[in-house]
Amino acid sequence: MIDRLQQLRTELLEHNYRYYVLDEPTISDAEYDRLFRELQQIEAQHPEWVTPDSPTQRVGAAPLTALGAVRHSLPMLSLGNAFTPDEVQAFDRRVAEGLAASGQLTAGERAEYLCELKLDGLAISLRYEDCVLVQAATRGDGQTGEDVTANVRTIKAIPLRLRRPVAGVLEVRGEVLMYRADFERLNVSQGEKGQKIFINPRNAAAGSLRQLDSRITASRHLRFLAYGWGQVDAMPDVATHGGMLDWLAELGLPVDSHRRCVRGAQELLDFYTDVGAMRPQLPFDIDGVVYKVNSLAAQRQLGFVSRAPRFAVAHKFPAEEATTELLDIEVQVGRTGAVTPVARLRPVFVGGVTVTNATLHNEDEVRRKDVRVGDTVVVRRAGDVIPEVVAPVLDRRPPGASVFVLPTECPVCGSAIERLEGETIARCTGGLVCAAQRKQALAHAVSRRALDIEGLGEKLVNQLIDRGRVHTLADLFTLTAEELAAFERMGERSAQKLVQAIDKARHPALGRLLFALGIRHVGESTARDLARHFGSIEALMQADEHALMGVADVGPVVAASVAHFLAEPHNRDVLRSLLDEHGVEPVAEAGPLRETAIAGRTFVLTGTLPNWTRDEAAQRIAAAGGKVSGSVSRKTGYVVAGDDAGTKLTKAQELGVTIIDEAGLRELLGED
DNA sequence: GATCCTCGAGTTCC
DNA sequence: CTCGAGGATC
């Protein structure tokens, strides 16, 4: 009996592999089902023989109450975009120059790329430990994603165990997606059951993957295609991205077969054209193609800019466009007084959602596009998210449509609208006299990245300001549950919860409090820098412009803005009142700048490190809050030197910058 | 003085 | 996500 069980498992795994990975099934679905049921029966008789990697163990488990958070060991990055042939040529030129500079490419030689489809699904990371799938996580913000292990185990295209031995950790990255045919069928059955109809395969895949009840996921026919990797303990002996993909395929992971290895910009563009032609015949949606420098050594050489690799780019298909009528152009007033024209549109379905509003950014933008109220306009979703008015359809302009003129007075408070010379943004001069600005300022102060007060949404903010109950941040801390319960759409329970949330905000991290104040030019990051540098509100309040300039990334403009804010008696009063009367006690930032070796410091990597690639080292430094820069200067904190270090090491010695090796870096990072 | 990069600010929809 | 602008670097 146990022999038969082993045999069934092996056969079913093989058929799975043929079906999902090789796309060459050798038996019918009915035959597969027969084998599957036989295995189920044997396992039912002998529960002690059931193992977690058995093909029967993909049926889903009992619902969870929430998806847990998973921190990626290496961040999941995003890619830069290209939309035009010019941009692709510019990308190729940058790559060629970068590689020529390091001698990896001789002049006139064309760089080698691996071209792939850009799948329109959800990026996930699969973690295998000693060949066994142990965890699956969504991309999330790139640093932290959601734990979707239970759901991912139900996706038949994803092996629960690798087909070849791989020691230690292997993180596989790829896209979970739904085939168009499966999507159509799902919507039919959803419709019959009177359940939610999905707008597109991407949304359906996302909704299915994030189910709390993995039994639902199991019924949804999700697919998976691998395109990359994260942590790899046992790196195979391959030199190219293409080689890595071949290796992943050998391990039993599905990899899309439309990849192509090419040289130079023209061949990249040819791939784009070819893929565009076959796009309607593909079984799944794509939103473009991806070009990656093929050589892994060359990839390391090129490195990263901020969160995106320099060695890869996504060449996107043009966004879907639609035409609709521009009903009106209204202006909004932001928290800094910025006056923004907004297009009110006749609702139109484009790129998977119904669009009714679109920003027009500023006065110049409206002029440049020459859109007028009454025009028929072309609308698209830029970057597939934010709606954008592209241009008017001039043939259909109604006679007498007049050019848009920005009002000279604020529509909310009547103060003058002013546009300083050389600035693109016009601003309401009303300051806190303007209710719109007070509302936005309060909404900003309580937002998640600032004081993080839950339960204080737009509606309530509006009421608090309109009734004159809250004028400054300090007033917020005088609210009681009794009076809040009397506001519209507020019950006793929500009122009490809100008061608790406000109470919790009495001990914010100093940086969050500074960010909450809404000082011009002081965002989340600068606020944290200020908090770390000065350590307390009191110390900051005594700082003059000169002292402020001493903070990293603070120059004359930011220093003047902060000094101006602090010089304003009204602002000082609010701060004093917060601290002295309302029991607000900011807590010093965790890990102040002077006390951690990594956070806020700049690292330069040079030479070959013994165990880490440069990318890995860079990503680990970034994960610990450090910065990685390409060149050595006096502001460089550390130079991490490996074998064959070049001129950067010499320069570091000249400038007296601390030089460490990989072991030293590990020590700083707190690893063994 | 030019250029690259990061940060701030504004915005949409579900 | 995107633009503009401030800051740092070359």
Side-chain angles (χ1 to χ4, degrees), chain A residues 78-81 83 94 98 141-142 196-200 202-203 206-207 210 303-308 310 314 316 319 330-345 347-362 364-365 368 379-389 420 422-427 436-437 440-441 443-444 447 449-450 458 514-515 518-530 548-562 600 602 604 622 627-636 647-648 651 655:
Chain A
S78 49
L79 293 181
N81 289 324
F83 287 96
R94 282 196 306 274
D141 64 2
K196 189 187 158 192
I197 303 286
F198 292 99
I199 252 157
N200 55 42
R202 206 200 102 83
N203 284 5
R210 297 189 62 254
F304 295 84
V305 186
S306 117
R307 288 181 307 281
R310 247 190 293 248
K316 297 268 196 81
E330 291 176 10
V331 297
Q332 287 181 355
V333 182
R335 102 183 129 85
T336 61
V339 174
T340 319
V342 180
R344 304 286 175 218
L345 305 164
V348 60
F349 189 77
V350 54
V353 296
T354 303
V355 171
T356 51
N357 302 313
T359 176
L360 291 165
H361 299 295
N362 55 61
D364 291 354
E365 178 87 359
R368 202 157 43 227
V379 176
R380 73 171 170 215
R381 291 220 299 158
D384 283 341
V385 181
I386 307 217
E388 176 187 33
V389 174
L420 298 177
E423 301 233 326
T424 22
I425 307 285
R427 294 194 140 83
Q437 291 191 46
Q440 298 285 341
H444 165 77
S447 67
R449 306 170 105 123
E458 190 190 315
L514 296 181
F515 179 51
I519 304 168
R520 276 282 291 284
H521 300 120
V522 178
E524 205 179 356
S525 163
T526 308
R528 213 160 33 223
D529 285 347
L530 288 169
L548 288 162
M549 297 259 285
V551 180
D553 292 331
V554 172
V557 177
V558 178
S561 167
V562 177
T602 303
V604 174
K627 287 187 204 171
V628 179
S629 151
S631 59
V632 182
S633 73
R634 272 183 303 112
K635 295 211 170 184
T636 306
T647 52
K648 290 176 196 168
K651 180 137 187 215
L655 295 172

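Because only heavy atoms are used, hydrogens play no part in the values below, and waters and symmetry mates are left out as well, while side chains stay in.
- Every residue was checked against the salt bridge (charged side-chain N to carboxylate O under 4.0 Å, His left out) condition with R335(A), not counting sequence neighbours, and none meets it.
- Put simply, T359(A) has no side-chain N or O that comes within less than 4.0 Å of OP1 or OP2 on dT12(B).
- For the pair E330(A) CD and dT11(B) P, the computed distance is 13 Å after rounding to whole Å.
- Regarding contacts with the backbone of dC3(C), every side-chain N or O of T424(A) stays at 4.0 angstrom or more from both OP1 and OP2.
- Here the side chain of Q332(A) is nearest to one of dC13(B), dG8(B), dT11(B), namely dT11(B).
- With rounding to whole Å, Q437(A) atom CD is found 13 Å from dA9(B) atom P.
- Not one side-chain nitrogen or oxygen of T336(A) sits closer than 4.0 Å to the OP1 or OP2 atom of dG8(B).
- The closest side-chain heavy-atom distance from L514(A) to T526(A) is not below 4.5 Å.
- In this structure, of dC7(B), dG10(B), dC13(B), it is dC13(B) that holds the atom nearest to the side chain of P387(A).
- Rounded to an integer number of Å, the gap from CZ of R368(A) to C1' of dT2(C) is 13 Å.
- The side chain of T356(A) lies closest to dC13(B), out of dG8(B), dG6(C), dC13(B).
- For S525(A), no side-chain nitrogen or oxygen approaches OP1 or OP2 of dT6(B) to under 4.0 Å.
- More than 12 heavy atoms of other residues, nucleotides or ligands lie within 6.0 Å of CZ in R344(A), so this atom counts as buried by the packing criterion.
- With a 4.5 Å cut-off on side-chain heavy atoms, R528(A) and F515(A) do not count as touching.
- Across all strands shown, E365(A) has no heavy atoms under 4.0 Å from either base or sugar-phosphate atoms.
- What separates CD of E388(A) from P of dC13(B) is a distance of 14 Å, to the nearest Å.
- Residue whose closest nucleotide on DNA chain B sits further toward the 5' end, between V342(A) and G518(A): G518(A).
- Phosphate proximity of dC5(B) to R310(A): present, with a side-chain N or O under 4.0 Å from OP1 or OP2.
- Out of dT2(C), dC13(B), dT11(B), the shortest distance to the side chain of T340(A) is found at dT11(B).
- Distances shown here put a side-chain N or O of N357(A) below 4.0 Å from the OP1 or OP2 atom of dC13(B).
- Phosphate proximity of dA9(B) to R335(A): present, with a side-chain N or O under 4.0 Å from OP1 or OP2.
- Between the CG atom of L360(A) and the C1' atom of dG10(B) there is a distance of 13 Å, rounded to whole Å.
- Atom-to-atom, CG of D553(A) to C1' of dC5(B) comes out at 10 Å; the value is rounded to the nearest Å.
- Taking atom CD1 of I197(A) as the reference point, atom P of dC14(B) lies 16 Å away to the nearest angstrom.
- Atom pair H361(A):NE2 and dT11(B):C1' shows a separation of 8 Å (rounding to whole Å applied).
- Counting only distance, with no hydrogens or angles, the side chain of H521(A) and the backbone of V562(A) share no donor-acceptor pair below 3.5 Å.
- You'll find that the side chain of H521(A) is closest to dG6(C), out of dT12(B), dG7(C), dG6(C).
- Side chain of T354(A) to backbone of P347(A): no donor-acceptor contact under 3.5 angstrom is found.
- Residues I199(A) and H444(A) each lie close to DNA chain B; by heavy-atom proximity, the contact nearer the 5' end of the strand is made by H444(A).
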